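Have a look at the structure below before the remarks.
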Amino acid sequence: MRSKPIYIFLFLCISFLIYSFSIYLKPLSVKEDPRFDKKKASEGRLVWQAYNCQSCHQLYSLGGYLGPDLTNIISNPYKGEQFVRTMIKAGVKQMPSFNLADNEMNSLIEFLRSTDASGRADVRQFNVNSLGVIEQNEVK
Ligand code: HEC
């Protein structure tokens with residue numbers, strides 16, 4: 001009768017070890033976002049930095065304020081990828097034209113696709129409901 005607690009203790013120790021072991025056997029699941037190519041997007045971030053787009057444009061409302069926020073430009077139904085490509089090539093008003101190589105242009109687009117996939121930058125798309133919870137409006 002006296003030896004009972006030790007069995008309980010041992011049982012718990014062994015359960016703990018088995019459980020921990022099985023947890024660490026599982027590979028860490030980092031889900032790839034299918035909406036963009038991660039490697040190309042990180043190359044695109046370097047292009048974004050090299051040409052200093054941030055000095056005039058914002059991502060998530062942070063950056064320069066000469067040009068508009070570009071976080072969600074890819075999914076904007078009135079703009080989108082082709083529009084961005086054209087703007088960069090042609091330049092407009094205070095924005096100079098950028099003569100990017102094809103792979104630079106493609107990875108820059110992929111970078112903008114990744115910022116687009118990561119969330120919404122426009123605060124007007126959010127409402128605070130009566131419970132104080134922030135809800136996203138229908139994306140227009
Ligand atoms: C010298 C400042 C400046 C720099 C640097 C700059 N832009 Fe611009 N960009 C502007 C301005 C200003 C506009 C808005 C022109 C207008 O619509 O009248 C603009 C517009 C745009 C637009 C169209 C946005 C829209 O919603 O109409 C895109 C896309 C864009 N820029 C991409 C880029 C990218 C990518 C880079 C970096 C390679 C870049 N810009 C660098 C100033 C700049």
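When a ligand or atom number is given, it counts from 1 through the structure's own listing order. Along the sequence shown, residues are numbered consecutively beginning with 1. Just so it is clear, the model here is predicted, and its values are computed rather than measured.
- Atom 29 (C) of ligand 1 has its nearest heavy-atom neighbour, among Leu100, Thr86, Val84, in Val84.
- Under 4.0 angstrom from ligand 1, the non-hydrogen atoms of Ile88 all belong to its side chain.
- Counting protein heavy atoms only, atom 41 (C) of ligand 1 is closest to Phe98 CE1, 3.5 Å.
- The backbone and the side chain of Gln94 each have at least one atom closer than 4.0 Å to an atom of ligand 1 (non-hydrogen atoms only).
- Each of the atoms 5 (C) of ligand 1 lies under 4.0 Å from some heavy atom of Asn52.
- A donor atom on one side chain and an acceptor atom on the other are found under 3.5 Å apart for Arg120 and Ser75.
- Here's the thing with Trp48: none of its N/O atoms is less than 3.5 angstrom from an N/O atom of ligand 1.
- A donor and an acceptor atom, one from each side chain of Glu135 and Asn127, are nowhere located under 3.5 Å apart.
- Residues Ile88 and Leu59 share a single hydrophobic cluster, defined by chaining ILVMFWY side chains whose heavy atoms lie under 4.5 Å apart.
- The pair Lys39-Glu110 does not count as a salt bridge, with every side-chain nitrogen at least 4.0 angstrom from each carboxylate oxygen.
- Looking at Arg35 and Asp33, a side-chain N of the basic residue comes within less than 4.0 Å of a carboxylate O on the acidic one, giving a salt bridge.
- For ligand 1, the polar-atom distance check finds an N/O of His57 within less than 3.5 Å of one of the ligand's N/O atoms.
- The proximity of Leu108 to ligand 1, defined as any non-hydrogen pair under 4.0 Å, is limited to the side chain.
- Of all atoms in ligand 1, numbered sequentially from 1 with element shown, those under 4.0 Å from a heavy atom of Lys79 are 25 (C), 26 (O), 27 (O).
- Among protein heavy atoms, the minimum distance from atom 12 (C) of ligand 1 is reached at Leu66 O, 3.4 Å.
- The aromatic rings of Phe98 and Tyr51 stand perpendicular to each other, their planes meeting at an angle above 60°, with 30° marking the opposite boundary.
- Under a 4.0 Å criterion applied to the non-hydrogen atoms of Tyr51, ligand 1 contributes the atoms 38 (C).
- Here the shortest heavy-atom distance to atom 43 (C) of ligand 1, taken over Gly80, Cys56, Ser55, Ala90, belongs to Cys56.
- For atom 34 (C) of ligand 1, the nearest protein heavy atom (residue, atom name, distance) is Cys53 SG, 3.6 Å.
- Counting heavy atoms under 4.0 Å from ligand 1, residue Ile73 touches it through the side chain alone.
- At a 4.0 Å heavy-atom cut-off, ligand 1 does not touch Val47 at all.
- For ligand 1, the atoms closer than 4.0 angstrom to any heavy atom of Lys93 are 18 (O).
- The closest non-hydrogen atom to atom 15 (C) of ligand 1, taken over Asn76, Asp69, Val92, Asn72, comes from Val92.
- Remark: ligand 1 atoms within the under-4.0 Å shell around heavy atoms of Pro68 are 13 (C), 14 (C), 19 (C), 20 (C), 24 (C), 25 (C), 26 (O).
- With a cut-off of 2.8 Å, atom 8 (Fe) of ligand 1 has an N, O or S atom of Met95 in range.
- Distance from atom 11 (C) of ligand 1 to its nearest protein heavy atom, with residue and atom name: Gly67 CA, 3.6 Å.
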